[in-house]
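The figures that follow rest on heavy atoms only: side chains count, while hydrogens, waters and symmetry mates do not. All values derive from a computational prediction rather than experimental measurement.
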Amino acid sequence: MDINQQTKKYIVQCIILVFVLNLLGHLVMRFWAFDIVVPMAVSMIFVLVVEIASVLIWRWVALKHRDMLPSFFTGVSGFRFLLALAVMFVVWYVVEDAKTMKTFFIVFLIYYMTSMIHHSIFFSRMSNRL
């Protein structure tokens, strides 16, 4: 198994996943007249930055310190959760009206949970192969 190929595969899958979520978001906006452009943009940036950073760090750990992978997975999960809480806190602080805040939280939660599922499936398969 080539770790560099798996890293590229993960990044491509992440980009496709975000593209599909954005496509679904645009369909929701078109048919139900919700304004979720800003929540989608913030969620997209969050998922792409966190996922790409985590897979690049995973590549480094897998190549240099394979015995540290279980700790790495725990650390990434905790870091992602704390970063998501920080993003939601900033939105809660910045946004004035409750409806906009709820809309953001729902959209962000969909992106967050989808990225968690993708991360869990991909890395559980990778752990079994290493």
Side-chain angles (χ1 to χ4, degrees):
M1 173 192 64
D2 183 30
I3 292 176
N4 289 322
Q5 280 183 326
Q6 295 301 323
T7 301
K8 290 176 188 173
K9 181 179 175 182
Y10 184 83
I11 291 172
V12 168
Q13 287 177 356
C14 184
I15 291 170
I16 291 170
L17 180 70
V18 168
F19 175 77
V20 169
L21 288 172
N22 282 340
L23 183 63
L24 291 173
H26 285 289
L27 289 173
V28 166
M29 285 191 302
R30 180 168 175 86
F31 291 115
W32 287 286
F34 288 125
D35 184 21
I36 57 173
V37 173
V38 174
M40 281 179 18
V42 171
S43 301
M44 175 186 66
I45 291 168
F46 175 84
V47 167
L48 288 175
V49 168
V50 170
E51 292 294 294
I52 291 173
S54 68
V55 78
L56 293 176
I57 296 169
W58 170 80
R59 179 180 66 185
W60 181 78
V61 171
L63 290 173
K64 307 250 185 209
H65 307 283
R66 195 172 294 232
D67 57 325
M68 298 300 289
L69 282 174
S71 299
F72 166 77
F73 293 130
T74 304
V76 165
S77 296
F79 175 74
R80 176 188 290 127
F81 179 72
L82 290 175
L83 192 58
L85 283 177
V87 168
M88 289 190 290
F89 179 73
V90 167
V91 169
W92 174 73
Y93 186 74
V94 171
V95 174
E96 291 102 22
D97 99 56
K99 183 179 180 207
T100 305
M101 187 173 55
K102 287 179 187 176
T103 302
F104 175 83
F105 286 163
I106 291 169
V107 171
F108 187 79
L109 182 66
I110 291 168
Y111 276 79
Y112 179 79
M113 293 305 293
T114 306
S115 74
M116 289 269 304
I117 291 167
H118 174 247
H119 177 87
S120 298
I121 292 171
F122 185 87
F123 285 113
S124 68
R125 289 182 181 169
M126 292 308 302
S127 295
N128 291 337
R129 293 181 189 165
L130 291 178

Asks: Could you see if Val76 belongs to whatever hydrophobic cluster contains Phe79? Use Ile, Leu, Val, Met, Phe, Trp, Tyr and a side-chain cutoff under 4.5 Å.
Replies: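 Yes, one cluster joins them.
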
Asks: What distance separates Lys8 NZ from Gln13 CD, expressed to the nearest 0.5 Å?
Replies: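 Spacing of NZ (Lys8) from CD (Gln13) equals 14.5 Å.
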
Asks: Going from CZ on Phe46 to CG on Leu48, what distance comes out if it is rounded to the nearest 0.5 angstrom?
Replies: 11.0 Å

Asks: Are Glu96 and Met101 packed together at the side-chain level, in the sense that at least one heavy-atom pair is separated by less than 4.5 angstrom?
Replies: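 Result no, sub-4.5 Å side-chain heavy-atom pair not found.
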
Asks: Quick one: do the Thr100 and Asp97 side chains pair a donor with an acceptor below 3.5 Å?
Replies: yes

Asks: Can you say whether the rings of Tyr10 and His119 are parallel (under 30°), tilted (30 to 60°) or perpendicular (over 60°)?
Replies: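 If you compare the ring of Tyr10 with that of His119, the planes turn out perpendicular.
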
Asks: Would you say Ile121 ends up clustered with Val12 if hydrophobic residues are merged whenever their side chains have heavy atoms under 4.5 Å apart, either directly or through other cluster members?
Replies: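 Unlinked, Val12 and Ile121 end up in two clusters.
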
Asks: If you look only at distance, which donor and acceptor atoms sit under 3.5 Å apart when one is on a side chain in residues 27-45 and the other is two or more places apart or in another chain?
Replies:
from: Ser43; atom 1: OG; to: Pro39; atom 2: O; distance (Å): 2.7

Asks: For residues 102-113, please give each side-chain donor-acceptor pair under 3.5 Å, one per line with the distance, not counting sequence neighbours.
Replies:
from: Thr103; atom 1: OG1; to: Lys99; atom 2: O; distance (Å): 2.9
from: Tyr111; atom 1: OH; to: Asn22; atom 2: OD1; distance (Å): 2.3

Asks: Would a single hydrophobic cluster contain both Leu23 and Ile117, if residues Ile, Leu, Val, Met, Phe, Trp and Tyr are joined by side-chain heavy-atom contacts under 4.5 Å?
Replies: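 Unlinked, Ile117 and Leu23 end up in two clusters.
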
Asks: Working to the nearest 0.5 angstrom, can you tell me the gap between Ile11 CD1 and Leu56 CG?
Replies: 5.0 Å

Asks: Compare all side-chain heavy atoms of Trp58 with those of Leu69 and state whether any distance is below 4.5 angstrom.
Replies: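 Sidechains of Leu69 and Trp58: in contact.
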
Asks: Can you check whether Val50 reaches Ser115 side chain to side chain, under 4.5 Å on heavy atoms?
Replies: no

Asks: How long is the span from the CG atom in Leu63 to the CD1 atom in Ile3, to the nearest 0.5 Å?
Replies: 4.5 Å

Asks: Is any side-chain heavy atom of Glu51 closer than 4.5 Å to one of His118?
Replies: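 Heavy-atom side-chain distance check passes, below 4.5 Å.
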
Asks: Is the side chain of Thr74 donor-acceptor paired with the backbone N or O of Pro70 at a distance under 3.5 Å, no angle test?
Replies: yes

Asks: Taking C-beta and beyond as the side chain, do Phe122 and Gln6 meet within less than 4.5 Å on heavy atoms?
Replies: yes

Asks: When clusters are formed by joining ILVMFWY residues with side-chain heavy atoms under 4.5 Å apart, either directly or through shared neighbours, do Phe89 and Leu83 land in the same one?
Replies: yes

